[in-house]
Colleague: 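Sending over a structure as structure tokens; questions will come in a sec.
Side chains included, hydrogens not; waters and symmetry mates left out as well; all remaining heavy atoms used. Below, read A as the first sequence line, B as the second, and so on, with proteins coming before strands; counting in each chain starts at 1.
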There are 2 protein chains.
Amino acid sequence: MTSVRKVSLDAANRLILDALMADSRTSLRTLAEQAGLSAPAVRERIRQLEEAGVILGYTAQVSWAALGYGLEAIVRIEPLPGRLREVERALREMPQIVQCDAVTGDDCFIARVVLRDVGDLDGVLDPLHVLARTSTAVIKKATIPLRAPPYPDG
Amino acid sequence: MTSVRKVSLDAANRLILDALMADSRTSLRTLAEQAGLSAPAVRERIRQLEEAGVILGYTAQVSWAALGYGLEAIVRIEPLPGRLREVERALREMPQIVQCDAVTGDDCFIARVVLRDVGDLDGVLDPLHVLARTSTAVIKKATIPLRAPPYPDG
DNA sequence: AATGAAAGTGTTTATCC
DNA sequence: GGATAAACACTTTCATT
């Protein structure tokens, strides 16, 4: 899964990556046309990108709102002294936490939570309050929805 | 694009969604086998899920680290009085910001940034410092990589 | 809404450059 | 590393229920 061999990010590979980021169900045939290659050549390049760990996987984006989670929040979590491990375990066991990062600074964890409504907040925060101080910010708007950065350097 | 008509989230649709979230390149034929339906039936269900806004799209997950962005950070941004609009515009124009949410509380924005190394931080933060107070947390580890929450209710 | 079968497309393998 | 072509697999359309 992890990168071992390197793979060049030439123009063709960037076209392939950009196309797959925009629509991961794009056919090899279409990718081949766009990259100016044959379908088997594109297949092989994708295989190498996967093996090198550049492509991690292919996922359908599902609307949490459409599933019934009308709200999202970002919670900063500062574990009480000696409680770091317990906090980490508690976070992992809360299925409404859809993402969590361990970070530098006073707040050891920053988590993204989905909620059916504001009433769901207590259910998430209460179990944490014996282990940590928390600070919650409800998301009003996705100012910048998840997007790809440019290719660095060249 | 946006949800207008409703669509039921029955067992078959959940199987389809789960399979597409795990691998969005899964063939209709395979999805059909798993859901116990024919391929055309699965095609039609996916079309409805897309139309209802449940499925937003299909994307390849690309490793930013493999592209040369070895670091990620989460930046909280509190605009100076009267500078909110300018801050929002500045954020949008920074391509290294891969996600940004407007939130309740003192920090109006919470952004996720990719960096080649710590030296890149100034290039992101300096342009903001005339418009806002910022607070930066470097990500040490993805404690919980992006994951789907359970289906709410029944 | 779903199926099955046929027609149309896309993918894979083998061979060659 | 890439191209071509034939064999194979998948997707779509359509008639039917």
Side-chain angles (χ1 to χ4, degrees), chain A residues 1-63 66-68 151-154, chain B residues 1-63 66-68 151-154:
Chain A
M1 285 282 154
T2 308
S3 169
V4 177
R5 289 172 37 180
K6 256 187 200 145
V7 71
S8 97
L9 289 175
D10 60 9
N13 276 355
R14 289 180 184 201
L15 278 168
I16 291 168
L17 284 176
D18 291 342
L20 287 175
M21 283 191 268
D23 179 4
S24 58
R25 286 182 74 82
T26 307
S27 70
L28 294 181
R29 192 176 187 279
T30 303
L31 293 171
E33 278 168 23
Q34 290 175 11
L37 292 168
S38 65
V42 170
R43 221 297 147 262
E44 176 59 15
R45 277 164 174 268
I46 289 176
R47 208 192 53 72
Q48 287 171 15
L49 288 165
E50 288 169 349
E51 195 167 286
V54 176
I55 295 175
L56 301 171
Y58 307 93
T59 61
Q61 302 308 119
V62 169
S63 163
L67 294 187
Y151 295 96
D153 318 315
Chain B
M1 285 280 157
T2 308
S3 167
V4 177
R5 289 171 36 182
K6 256 187 200 148
V7 71
S8 97
L9 288 176
D10 60 9
N13 276 355
R14 289 179 185 202
L15 277 168
I16 291 168
L17 284 175
D18 291 344
L20 286 175
M21 283 191 269
D23 178 4
S24 59
R25 287 183 72 82
T26 306
S27 70
L28 294 181
R29 193 176 188 281
T30 304
L31 293 171
E33 278 169 23
Q34 290 176 11
L37 292 168
S38 65
V42 170
R43 220 294 146 265
E44 175 60 14
R45 277 163 174 268
I46 289 176
R47 207 192 55 70
Q48 287 171 15
L49 288 165
E50 288 169 349
E51 194 167 284
V54 176
I55 295 176
L56 302 171
Y58 307 92
T59 61
Q61 302 308 120
V62 170
S63 163
L67 294 187
Y151 296 96
D153 318 316

Colleague: I'd like to check L20(A) versus L49(A) (side-chain heavy atoms, cut-off strictly below 4.5 Å). Are they in contact?
Modeller: no
Colleague: Quickly work out the E51(A) CD to dG1(D) P distance and round it to whole Å.
Modeller: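 Checked: the CD to P distance equals 12 Å.
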Colleague: Dump every N/O contact between nucleotides 2-7 of chain D and the protein below 3.5 Å, one line per pair.
Modeller:
residue, atom, partner, partner atom, Å
dG2(D), OP1, R45(A), NE, 3.0
dG2(D), OP1, R45(A), NH2, 2.6
dA3(D), OP2, S38(A), N, 2.9
dA3(D), OP2, S38(A), OG, 2.7

Colleague: For nucleotides 15-17 of chain D, which of its nitrogen or oxygen atoms have a protein nitrogen or oxygen under 3.5 Å away, and what is each distance?
Modeller:
none

Colleague: To the nearest 10°, give me the bend of the helix from dA1(C)-dT17(D) to dC17(C)-dG1(D), comparing the axes of its five terminal pairs at either end.
Modeller: 30°
Colleague: Which atoms form the tightest heavy-atom contact between L17(A) and V54(A), and what is the distance?
Modeller: CD1-CG1, 3.9 Å
Colleague: Which atom pairs link the protein and nucleotides 8-10 of chain C when you take only N or O atoms and keep those under 3.5 Å?
Modeller:
residue, atom, partner, partner atom, Å
dG10(C), OP2, R29(A), NE, 2.9
dG10(C), OP2, R29(A), NH1, 3.3

Colleague: Under the salt bridge (charged side-chain N to carboxylate O under 4.0 Å, His left out) rule, collect the residues that match up with R25(B), sequence neighbours excluded.
Modeller: none
Colleague: Within the pair R43(B) and dT12(D), is there a side-chain N or O less than 4.0 Å away from OP1 or OP2?
Modeller: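 For R43(B), the contact criterion (side-chain N or O under 4.0 Å from OP1 or OP2 of dT12(D)) is met.
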Colleague: Give the residues of residues 17-26 of chain A touching DNA chain C, defined as any heavy atom closer than 4.0 Å, sorted by residue number.
Modeller: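 Those residues: none at all.
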Colleague: Would you please name every residue forming a side chain to side chain donor-acceptor pair (under 3.5 Å) with S63(A), sequence neighbours left out?
Modeller: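 Counting only residues at least two positions away or on another chain, S63(A) forms no side chain to side chain donor-acceptor pair (under 3.5 Å).
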Colleague: Using the test side chain to side chain donor-acceptor pair (under 3.5 Å), find all partners of D18(A) that sit at least two apart in sequence or belong to another chain.
Modeller: Y151(A)
Colleague: What heavy-atom pair brings G53(A) and A66(B) nearest, and what distance separates the two atoms?
Modeller: O-CB, 3.9 Å
Colleague: Nearest whole angstrom, please: distance from the P of dG1(D) to the CG of N13(A).
Modeller: 11 Å
Colleague: Without placing hydrogens or testing angles, list every side-chain donor-acceptor pair under 3.5 Å for residues 34-45 of chain A, not counting sequence neighbours.
Modeller:
residue, atom, partner, partner atom, Å
S38(A), OG, A41(A), N, 3.4
E44(A), OE1, R47(A), NE, 3.2
E44(A), OE2, R47(A), NH2, 3.1
E44(A), OE2, Q48(A), NE2, 2.9
R45(A), NH1, D10(A), OD1, 3.0
R45(A), NH1, D10(A), OD2, 3.2
R45(A), NH1, N13(A), OD1, 2.7
R45(A), NH2, D10(A), OD2, 3.2

Colleague: What is the separation between atom CD1 on I16(A) and atom P on dG1(D), rounded to the nearest whole Å?
Modeller: 13 Å
Colleague: Taking only residues two or more places apart in sequence or in another chain, which ones pass side chain to side chain donor-acceptor pair (under 3.5 Å) with S27(A)?
Modeller: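 Counting only residues at least two positions away or on another chain, S27(A) forms a side chain to side chain donor-acceptor pair (under 3.5 Å) with T30(A).
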Colleague: Please identify each residue that fulfils side chain to side chain donor-acceptor pair (under 3.5 Å) with S24(A), with sequence neighbours left out.
Modeller: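 Side chain to side chain donor-acceptor pair (under 3.5 Å) check on S24(A) returns S24(B).
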